[in-house]
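Below: one structure, written as structure tokens.
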Amino acid sequence: MTRPTHTKEAIRAAMDHLIDRATNFDVDALETIYHRDFHTTLVMPDSAVVTYDKKGFIAHFRKQAEEGGTQLNTWADWHDFHVLGDSAVCVLTRKHSGMSGEEMKLLCNIEWHFEDGRWQVLREQIFLRPLES
């Protein structure tokens, strides 16, 4: 029997919460959403690779908040949700300017891990592309 916390709907709700808090630069919420072993890989349009751990990624959001960043675009196109035990993956496309300073298309693969009674983001792979691509 599937636990109510381990459904595609639960992952979608966790993703909605992540998008809401990240696009509003809520670093306190991000501290609980991102797993202690969080790692993200950003592949920029020129193929340059930028990586962050949890501390570095939250610092990126904190800096934007301190610089008076306005809420980022919350648009998302959902492609796939897959739950397997205490792991889950969400594949989606996003649009916002938070990584590069200009509105971009972000192709995202978000890996979740259920720990301490909640879903936490363990890994993100984000491919940034121009909007028209």
Side-chain angles (χ1 to χ4, degrees):
M1 183 162 122
T2 303
R3 294 186 282 175
T5 54
H6 287 60
T7 64
K8 291 179 181 182
E9 294 79 15
I11 296 303
R12 170 63 191 265
M15 280 298 309
D16 287 340
H17 182 64
L18 169 62
I19 290 169
D20 177 64
R21 296 298 75 214
T23 59
N24 284 289
F25 312 107
D26 184 347
V27 295
D28 291 332
L30 295 178
E31 286 285 350
T32 66
I33 294 169
Y34 291 127
H35 190 273
R36 69 183 168 279
D37 296 327
F38 172 80
H39 178 86
T40 189
T41 302
L42 307 172
V43 180
M44 307 307 267
D46 64 358
S47 295
V49 175
V50 179
T51 62
Y52 291 99
D53 63 6
K54 178 178 179 175
K55 183 179 176 181
F57 205 49
I58 290 176
H60 174 77
F61 283 98
R62 181 175 284 113
K63 180 179 179 204
Q64 289 185 17
E66 290 169 354
E67 292 173 350
T70 57
Q71 182 179 12
L72 299 172
N73 190 338
T74 60
W75 181 90
D77 185 15
W78 307 96
H79 305 303
D80 188 33
F81 297 94
H82 181 73
V83 182
L84 182 61
D86 287 338
S87 296
V89 175
C90 178
V91 179
L92 69 153
T93 302
R94 300 260 301 111
K95 292 179 185 177
H96 71 69
S97 59
M99 297 292 104
S100 66
E102 69 176 274
E103 195 84 352
M104 301 285 285
K105 184 187 302 182
L106 287 67
L107 308 173
C108 306
N109 182 55
I110 312 294
E111 181 182 342
W112 293 83
H113 180 68
F114 194 82
E115 187 175 296
D116 296 331
R118 68 185 189 281
W119 286 105
Q120 300 174 51
V121 177
L122 186 59
R123 307 262 185 274
E124 293 182 347
Q125 295 83 37
I126 303 172
F127 297 82
L128 288 86
R129 298 295 177 254
L131 281 179
E132 61 277 352
S133 69

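- Under the 4.5 Å side-chain criterion, counting only non-hydrogen atoms from C-beta, R94 is in contact with T23.
- Side chains of M44 and V49 form no contact here, defined as non-hydrogen atoms less than 4.5 Å apart.
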Problem set entry | Evaluation steps, side chain to side chain contact (heavy atoms under 4.5 Å, CB included), between F25 and L72 | CA-CA 9 Å; F25 312 107; L72 299 172; 3.9 Å; yes
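- By the 4.5 Å heavy-atom criterion applied to side chains, H113 and R118 are not counted as neighbours.
- Rounding to the nearest 0.5 Å gives a distance of 15.0 Å between CE of M15 and NZ of K8.
- Between D77 and L92 there is no side-chain heavy-atom pair separated by less than 4.5 Å.
- In this structure, Q125 CD and L106 CG are separated by 13.0 Å, a value rounded to the nearest 0.5 Å.
- Electrostatic pairing of R62 and E67 does not count as a salt bridge here, judged by no charged N lying under 4.0 Å from a carboxylate O.
- Cluster annotation: F127 and F57 are assigned to distinct hydrophobic clusters (Ile/Leu/Val/Met/Phe/Trp/Tyr, side-chain heavy-atom contacts under 4.5 Å, transitive).
- Atom-to-atom distance recorded for Y34:OH and K54:NZ is 10.5 Å, nearest 0.5 angstrom.
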Problem set entry | CA sep, side-chain torsions, deciding dist, call: F38, V121, side chain to side chain contact (heavy atoms under 4.5 Å, CB included) | CA-CA 7 Å; F38 172 80; V121 177; 3.6 Å; yes
For this session: Go through the steps to decide whether T51 and H39 satisfy the test side chain to side chain donor-acceptor pair (under 3.5 Å), and finish with yes or no.
Result: CA-CA 7 Å; T51 62; H39 178 86; 4.9 Å; no
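- Atom CZ of F114 and atom CG of L122 lie 14.5 Å apart (nearest 0.5 Å).
- Remark: H17 engages no residue in a side chain to side chain donor-acceptor pair (under 3.5 Å) (not counting sequence neighbours).
- For the residue pair I19 and W78, the shortest heavy atom distance occurs at CD1-CH2, 3.7 Å.
- Smallest separation of non-hydrogen atoms from Y52 and L42: CE1-CD1, 3.7 Å.
- Between F81 and V89, every side-chain heavy-atom pair lies at or beyond the 4.5 Å cut-off.
- Of the possible donor and acceptor atoms, one in the side chain of R123 sits under 3.5 Å from a partner among the backbone N and O of D37.
- Residues satisfying the side chain to side chain donor-acceptor pair (under 3.5 Å) criterion with D86, sequence neighbours excluded, are R3, H6.
- E111 pairs by the side chain to side chain donor-acceptor pair (under 3.5 Å) definition with nothing, not counting sequence neighbours.
- For the pair E132 and K105, the salt-bridge criterion is not met [side-chain N within less than 4.0 Å of a carboxylate O].
- Here L18 contributes atom CG and D20 contributes atom CG; the two are 9.5 Å apart, rounded to the nearest 0.5 Å.
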Problem set entry | Worked verdict on H79 versus N109 for side chain to side chain contact (heavy atoms under 4.5 Å, CB included) | CA-CA 10 Å; H79 305 303; N109 182 55; over 6 Å; no
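- Counting heavy atoms from C-beta on, the side chains of I126 and L107 never come closer than 4.5 Å.
- Here D26 pairs with R21 under the side chain to side chain donor-acceptor pair (under 3.5 Å) rule; sequence neighbours left out.
- Judged as a side chain to side chain contact (heavy atoms under 4.5 Å, CB included), and not counting sequence neighbours, the contacts of A10 are T7, W119.
- Side-chain contact annotation: E103 with N73, donor-acceptor N/O pair under 3.5 Å present.
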For this session: Mind running side chain to side chain contact (heavy atoms under 4.5 Å, CB included) on I58 and E31 for me, showing each step along the way?
Result: CA-CA 7 Å; I58 290 176; E31 286 285 350; 3.7 Å; yes
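- Residues satisfying the salt bridge (Lys or Arg N to Asp or Glu O under 4.0 Å) test with R12, not counting sequence neighbours, are D16.
- There is a path of hydrophobic side-chain contacts, each under 4.5 Å, that joins M104 to V50.
- Interatomic distance, W112 CH2 to E124 CD, rounded to the nearest 0.5 Å: 8.5 Å.
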